[in-house]
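Below is one structure, written out as structure tokens; the observations come after it.
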Amino acid sequence: MATMFRYPVFPHLQAPCDPGRRVMAEPDYLEGDCDELIQPKKLINPVKGSRNHQDLHRELIMNQKRGLAPQNKPELQKVLEKRKREQVIKAQKEEQEAHKKRSDLEIELMKRQQKLEQLELEQQKNQEEQENTPEFVKMKGNLRRTKQEADGEERAT
């Protein structure tokens, strides 16, 4: 009965380094046993069968043997890696700034700086409005000011 099986009935009695011992199970039939069975064929990979792929593969193998392995990355990959590094650095800086405790003096200086920036923005807006206003409106405003100044002088005398 033990002759029916390809493997011994008591595997613990077999040497652990025995080359006859296999991990995968073998089929019950032998290759020349049955001609009626359809033998499986290896499928052809259309990518590997293409001429371009074969040429590229041959070139890569030759370059590797010569020691000319492609070390230059495509420009797009370089740019993407650079952006990723910059984002990581920026995130680290933001974390460090968030961890820093700001003193009362720093907070007060920040408030003053914001107020100054707001005043500068308001001045720029006023200048832009004055530049964009028609000339007759400017002249009317000048006439009012001169009239008010003249009235103020008459009252003072």
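- Remark: D55 engages R58 in a side-chain hydrogen bond (donor to acceptor under 3.5 Å, both in side chains) (not counting sequence neighbours).
- Residue D104 places its CG atom among 12 or fewer non-hydrogen atoms of other residues, nucleotides or ligands, all under 6.0 Å distant.
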Practice item. Given side chain to side chain contact (heavy atoms under 4.5 Å, CB included), test L143 with K147 step by step and report yes or no. Key: CA-CA 6 Å; L143 290 174; K147 183 178 178 185; over 6 Å; no
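- Within a 6.0 Å radius of CD1 in I107, more than 12 heavy atoms belonging to other residues, nucleotides or ligands are found.
- Nearest heavy atoms, K138 versus Q130: CE-O, 2.9 Å.
- Rounding to the nearest 0.5 Å places CD1 of I61 at 3.0 Å from NE2 of H57.
- Atoms CZ and CG, from R85 and L80 in turn, are 11.0 Å apart once rounded to the nearest 0.5 Å.
- Separation of atoms CD (Q92) and CD (E94) is listed at 11.0 Å; rounding is to 0.5 Å.
- For the atom pair Q124 CD and Q127 CD, the distance stands at 7.0 Å (nearest 0.5 Å).
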Contacts table for residues 108-117: side-chain donor-acceptor under 3.5 angstrom, sequence neighbours left out:
none

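- Annotation: E135, atom CD; neighbour count of heavy atoms from other residues, nucleotides and ligands within 6.0 Å does not exceed 12.
- The environment of NE2 in H53 is crowded: more than 12 heavy-atom neighbours from other residues, nucleotides or ligands sit within 6.0 Å.
- The CD atom of Q64 lies 12.5 Å from the CE atom of M62; values are rounded to the nearest 0.5 Å.
- More than 12 heavy-atom neighbours from other residues, nucleotides or ligands sit within 6.0 angstrom of CD on E86.
- In this structure a side-chain-to-backbone donor-acceptor pair under 3.5 Å is missing from K48 to Q54.
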